[in-house]
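As structure tokens, the structure follows; a few thoughts come after it.
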Amino acid sequence: LDFVRGALGCGCARRGRRSSLMLCFRTCWQDPDASAIPVPAVYSEDPSAELHMTIAPSAEFDEPRPSAAADLCARWSCAMGQDCGLDVQFAGGRFLRIHGIKAGGPAFWYNHKAASCERVQIGDFIVVVNGVSSDAVSMMDALDDGGDLVIHFRRPHSFRVTGLTRSAGPLGCTFKFGSAITVHEVNDSGALAIWNASAPDSDKVRPQDHVLSVNGERSASRMRQLLRTSDELDIVFSRPLELELA
């Protein structure tokens, strides 16, 4: 799907906005031009989804992402109890991860009207919903309540951990399983502790990191199986990008 504003270039770049962009405006999810836009019922990064992604951004963690602010604040309105249009994942913790964007919903029409660098993207993290933060369950409840939503998103930092092996001992971490798989605890010994000892700070595995793939597999059931049984592991993790304060 080629949005006209995206073809004309990044709106925030044209306006000279700073990297700590706060984009706040209201859009109506019932777009008058809806009939002219061919869209699937949902687009998602999940390869096992019944309706596969046709217009979603790439789910590959290491492909260049559009130039965009690290922080994004978006406003839209939903009828009370209406789905906000975001398919999110979490396993407790402090934030939600966007797994899919439902076409025809409020989030979809927000993106339709936004400049390309200002759109919510698959893989982004939700860090605040209507003032609620640091609790994924409470933020999910705020999204489900509907009404006027003010959502703060954070772009992701994703990284690959390779060469993990159980041949010399345990992996050295525990995981939490929900709609997402996240790191629960990293021990002081084990394969991940060895990785962390030499990795840059940005690529050290931490509690609450989300697991995106294991040995190239992205389905939740296969990732869970591999984390429990595989002797050799190649894991892609993701977390909200940390802002560099001036």
In Å, rounded to the nearest 0.5 Å, how long is the span from [atom1] of [X] to [atom2] of [Y]?
X      : Y      : atom1 : atom2 : result
Leu227 : Leu171 : CG    : CG    : 7.5 Å
Gln89  : His99  : CD    : NE2   : 4.5 Å
Ile151 : Asn130 : CD1   : CG    : 7.5 Å
Leu143 : Cys78  : CG    : SG    : 8.5 Å
Met140 : Ser138 : CE    : OG    : 12.0 Å
Leu164 : Asp231 : CG    : CG    : 12.0 Å

Should the pair [X]-[Y] be classified as a salt bridge under the 4.0 Å nitrogen-to-oxygen rule?
X      : Y      : answer
Arg239 : Asp209 : yes
Lys102 : Asp87  : no
Asp124 : Arg155 : yes

Would you name the heavy atoms of [X] and [Y] that are closest together and state the gap between them?
X      : Y      : answer
Pro240 : Phe95  : CD-CZ, 3.5 Å
Val128 : Ser133 : CG2-CB, 3.9 Å
Leu212 : Met223 : O-SD, 3.5 Å
Ser77  : Asp148 : OG-OD1, 2.7 Å
Val137 : Asp135 : N-OD1, 3.1 Å
Ser238 : Pro156 : OG-CB, 3.5 Å

Does the side chain of [Y] come within less than 4.5 Å of [X]'s, by heavy atoms?
X      : Y      : result
Trp76  : Cys84  : yes
Val211 : Val236 : no
Ser213 : Arg218 : yes
Glu217 : Leu226 : yes

- Message: For a side-chain contact (heavy atoms from CB on, under 4.5 Å) check, start with the C-alpha distance between Asp234 and Arg160, then their side-chain angles and the critical distance, and finish with the verdict.
- Response: CA-CA 7 Å; Asp234 179 330; Arg160 187 186 301 275; 3.2 Å; yes

- Query: Does NZ or CZ of Arg119 lie under 6.0 Å from the centre of the six-membered ring of Phe108, at an angle within 45° of the ring axis?
  - Reply: no

- Verify side-chain contact (heavy atoms from CB on, under 4.5 Å) between Leu86 and Ile126, making sure each step is shown before the conclusion. CA-CA 10 Å; Leu86 295 172; Ile126 295 174; 4.0 Å; yes

With no hydrogens and no angle check, is any side-chain donor or acceptor of [X] less than 3.5 Å from a backbone partner on [Y]?
X      : Y      : value
Asn215 : Ile235 : no
Trp195 : Thr162 : no
Asp71  : Arg154 : no
Asp83  : Gly85  : yes

- Should Leu233 and Ile194 be regarded as members of a common hydrophobic cluster, given that ILVMFWY residues are connected when their side-chain heavy atoms come within less than 4.5 Å of each other, either directly or indirectly?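 Looking at the clustering, Ile194 is in a separate group from Leu233.
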
- Going by atom types alone, do Thr182 and Gln208 pair a side-chain donor with an acceptor below 3.5 Å? no

- Item | Residue of the set Phe175, Phe90, Phe125 for which ring-ring contact (aromatic ring centres under 6.0 Å, His included) holds with His210 | Phe125

- Please lay out, stage by stage, how Phe237 and Val205 fare under the test side-chain contact (heavy atoms from CB on, under 4.5 Å). CA-CA 8 Å; Phe237 296 94; Val205 179; 3.7 Å; yes

- Item | salt bridge (charged side-chain N to carboxylate O under 4.0 Å, His left out) between Arg206 and Glu242, intermediate numbers included | CA-CA 13 Å; Arg206 308 173 189 171; Glu242 295 180 347; 2.4 Å; yes

- Output, in order, the C-alpha distance, side-chain angles, deciding distance and verdict of side-chain contact (heavy atoms from CB on, under 4.5 Å) for Tyr110 and Leu149. CA-CA 12 Å; Tyr110 168 88; Leu149 293 174; over 6 Å; no

